[in-house]
2 protein chains.
Amino acid sequence: MKSGGKKFAVGVDFGGTSVKLALVNAQGKIVAREKFVTADAASQVKWLDAVAVAIEKMLAACKLKKSALAGVGVGVPGFVDFKRGFIHDLTNVPGWTAVSLAAKMEKKLGLSAYVDNDANLMAFGEIAFGGGKNLKTAVFLTLGTGVGGGIVLDGQVYRGAYSMAGELGHISIERNGVASPQGRGGLEQYIGNRRIVEYAVKLLKSGRTSKVEGLCGGDLDKITPELLAIAAHDGDAFALEIYDYVADCLATALASVTYLLQPEAFIIGGGVAASGKILFAPLHKHLAERLSPHFFTRIKVLPAKLGNDAGAVGGAALALASQ
Amino acid sequence: MKSGGKKFAVGVDFGGTSVKLALVNAQGKIVAREKFVTADAASQVKWLDAVAVAIEKMLAACKLKKSALAGVGVGVPGFVDFKRGFIHDLTNVPGWTAVSLAAKMEKKLGLSAYVDNDANLMAFGEIAFGGGKNLKTAVFLTLGTGVGGGIVLDGQVYRGAYSMAGELGHISIERNGVASPQGRGGLEQYIGNRRIVEYAVKLLKSGRTSKVEGLCGGDLDKITPELLAIAAHDGDAFALEIYDYVADCLATALASVTYLLQPEAFIIGGGVAASGKILFAPLHKHLAERLSPHFFTRIKVLPAKLGNDAGAVGGAALALASQ
């Protein structure tokens, strides 16, 4: 990756529950961490104070001066105008509508600051130092409660004309499918964690049987994608069928993205992706069915490697690359 | 657009039926045209000879020397490796598998030559001199027998990691939809010309009635999208419903592309798009249903302006921009 003289940067993963900070070196290794509870820094002033304190602590722990830092990259859960470092609004975090966060951070911290959508930074982190290392053009997805995405083209985050691109969770896989505020048939409405569970519970209530019923102690409300994964790894036909369905929904969207963008690879992270081959094997199979050989033979599907650190590492990577 | 010293270029639209050439000036205006029948130049050698003769004729007609030309850009119906100017193979044109066309043209013509997918060049032509003039980031679609596409990001054709990106006709709009060699539910399987007609005929045979039955003299085999458009413009409820269906299928794919790439605009050309408001009005309506306001308010849908000249103008525009 391109890099100026500074050898370290700070990444900030601004989540609805907690704010995680990482001091990262030029090889992408986290050398110090800090964290605070989002609700404990409910105002913008408190948040900036907490970030400043956390950065000082990390620098002290590593015996580094602020001048060693290339800058700070912050990933936020919502829409931003990247060029202006401006937050339009955040999902699930009140009090952050129309905030010029990068400018406020630069003033408070005396460091170059970059504010981006969290999934964009996860994508950049995975390309710079994770599952997509050495790739130039890749599409990242994170599978969780929602389905987030980020696009890296020619080594740069692609943000679109108005800085909101990469919303892979809203790609429609069924024209007359599930309605949501984002449209109809959006991928997230099929493979978001809760949707997977709903789908499984509906089938179980219709008379299907599965080892997962034992794993949840007979309380279907306690089923999670993780319990389904345990059952699937144990050879449970029903759970394997659920993961096959999830993989096919995902393959439908990824085939469309492949025809459109032809990236070198997809990098897939998040809880459901951590289930490993029970997702990746049927995903491979369904992509083969859904792509012509010209496209199928040229596309890779790779697991993400940075886990929960992807956002913070990506923020730091962006600051390192931007100096 | 970026441009070196040369003020003219040649664009070549290599179609399955005819090869159309245009001599284009730096303002995108066609100052001379030539054309030959593809079948009359069936070998590569004959094709190169015919192109050379056509270029000489156009230069003579405008009293220009070859030294006035920035180069030649050729759009072909198939997969190419743009960087190498190499044709993998062409759809519906035999004898053009694995051809280093750019190198052969440079040798034969003594001009810089560029070979690209035809829809990519149509996209570039529309952005440079047509419906997308002054845009930087736009997605082009052409609606015909097939549905072709091209993507321009930051003023450059985006070709993907292996030069095959932009296949918008294969975006899946129905996970369990119509099967084809390219997968399942591909947009082209719903709004390609023949598919539109099949859909209409099926409904008419099931007992629906329409003015189009009169327009085709009662012979349903003679129905075309153009006849349906005539009926729709005449207020025929059935024909309007067909165009509403086509618009909704198209909106499904365009909403997905918007969430993914957030271009400034879509530029839509081809026969079905020439039908005007009977397509564009419902397309606008369905996009509003299928996009959140953040995205819907920022996306434009524009008609293409270059018609059948888009490919040749785009080829010339690429040669002008590449000098």
Side-chain angles (χ1 to χ4, degrees), chain A residues 79 88-89 135-139 149 151 153-154 158-177 179-187 190 248-249 251-253 255-265 286-287 289-296 298-299, chain B residues 79 88-89 135-139 149 151 153-154 158-177 179-187 190 248-249 251-253 255-265 286-287 289-296 298-299:
Chain A
F79 288 124
H88 290 293
D89 53 55
L135 296 179
K136 301 280 279 177
T137 295
V139 174
I151 300 170
L153 303 182
D154 201 20
Y158 175 79
R159 299 182 182 87
Y162 304 99
S163 211
M164 296 170 184
E167 291 286 331
L168 276 90
H170 305 326
I171 290 176
S172 177
I173 61 169
E174 305 228 299
R175 185 170 72 89
N176 292 314
S180 77
Q182 287 79 33
R184 197 169 271 281
L187 177 63
Y190 297 80
D248 191 47
C249 291
T252 304
S256 293
V257 176
T258 304
Y259 279 126
L260 194 66
L261 291 182
Q262 198 179 39
E264 291 167 89
H286 290 302
L287 274 175
E289 293 160 1
R290 291 181 174 280
L291 287 169
S292 72
H294 271 315
F295 285 84
F296 178 69
R298 288 172 171 89
I299 189 79
Chain B
F79 287 125
H88 291 294
D89 53 56
L135 296 179
K136 301 280 279 178
T137 294
V139 174
I151 300 170
L153 303 181
D154 201 22
Y158 174 79
R159 299 181 180 87
Y162 304 100
S163 211
M164 297 171 185
E167 291 288 331
L168 276 90
H170 305 326
I171 290 176
S172 177
I173 61 169
E174 304 226 299
R175 185 170 73 90
N176 292 315
S180 77
Q182 287 80 32
R184 195 168 273 282
L187 177 63
Y190 296 81
D248 191 47
C249 292
T252 304
S256 293
V257 176
T258 304
Y259 279 126
L260 194 68
L261 292 183
Q262 197 179 39
E264 292 168 88
H286 290 302
L287 274 176
E289 295 160 359
R290 292 183 174 279
L291 286 170
S292 73
H294 272 315
F295 285 84
F296 177 68
R298 289 174 171 87
I299 190 80

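Predicted model, so just to flag it, every value in this text is computed and none were measured. Only heavy atoms go into these numbers, but all of them, side chains included; no hydrogens, no water, no symmetry mates.
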Q: Check each atom of B/L260 against the heavy atoms of chain A and say whether the ones under 4.5 Å are side chain, backbone, both or neither.
A: both

Q. How many angstroms lie between atom OG of A/S292 and atom CZ of A/F295, to the nearest 0.5 angstrom?
A. 5.5 Å

Q. Which value, rounded to the nearest 0.5 Å, describes the distance between A/I171 atom CD1 and A/C249 atom SG?
A. 13.0 Å

(Q) Can you tell me which portion of B/L153 sits under 4.5 Å from chain A's heavy atoms? Options are side chain, backbone, both or neither. (A) side chain

Q. What residue in A/R175, A/R159, A/Q182 has the most heavy-atom pairs under 4.5 Å with chain B?
A. A/R175

Q: Check whether B/E174 gets within reach of chain A through its side chain, its backbone, both or neither, counting any heavy atom under 4.5 Å.
A: both

Q. Side chain of B/Y158, backbone of A/L261: donor and acceptor closer than 3.5 Å?
A. yes

Q: Specify which of B/A138, B/G183, B/G149 makes the most heavy-atom pairs with chain A at under 4.5 Å.
A: B/G183

**Q.** Gap separating the CZ atom of B/R184 from the CD atom of A/E289, nearest 0.5 angstrom
**A.** 8.0 Å

Q) What residue, out of B/D248, B/L287, B/N176, B/T258, has the most heavy-atom pairs lying under 4.5 Å from chain A? A) B/D248

Q) Measuring heavy-atom distances to chain B, does A/S163 have an atom under 4.5 Å in its side chain, in its backbone, in both, or in neither? A) backbone

Q: Tell me, for B/T137 versus chain A, whether the close heavy atoms (under 4.5 Å) come from the side chain, the backbone, both or neither.
A: side chain

Q) Relative to each other, are the rings of A/F79 and B/H294 parallel, tilted or perpendicular (30° and 60° limits)? A) perpendicular

Q: Would you check if the side chain of B/E264 reaches a backbone N or O of B/K136 as a donor-acceptor pair within less than 3.5 Å?
A: yes

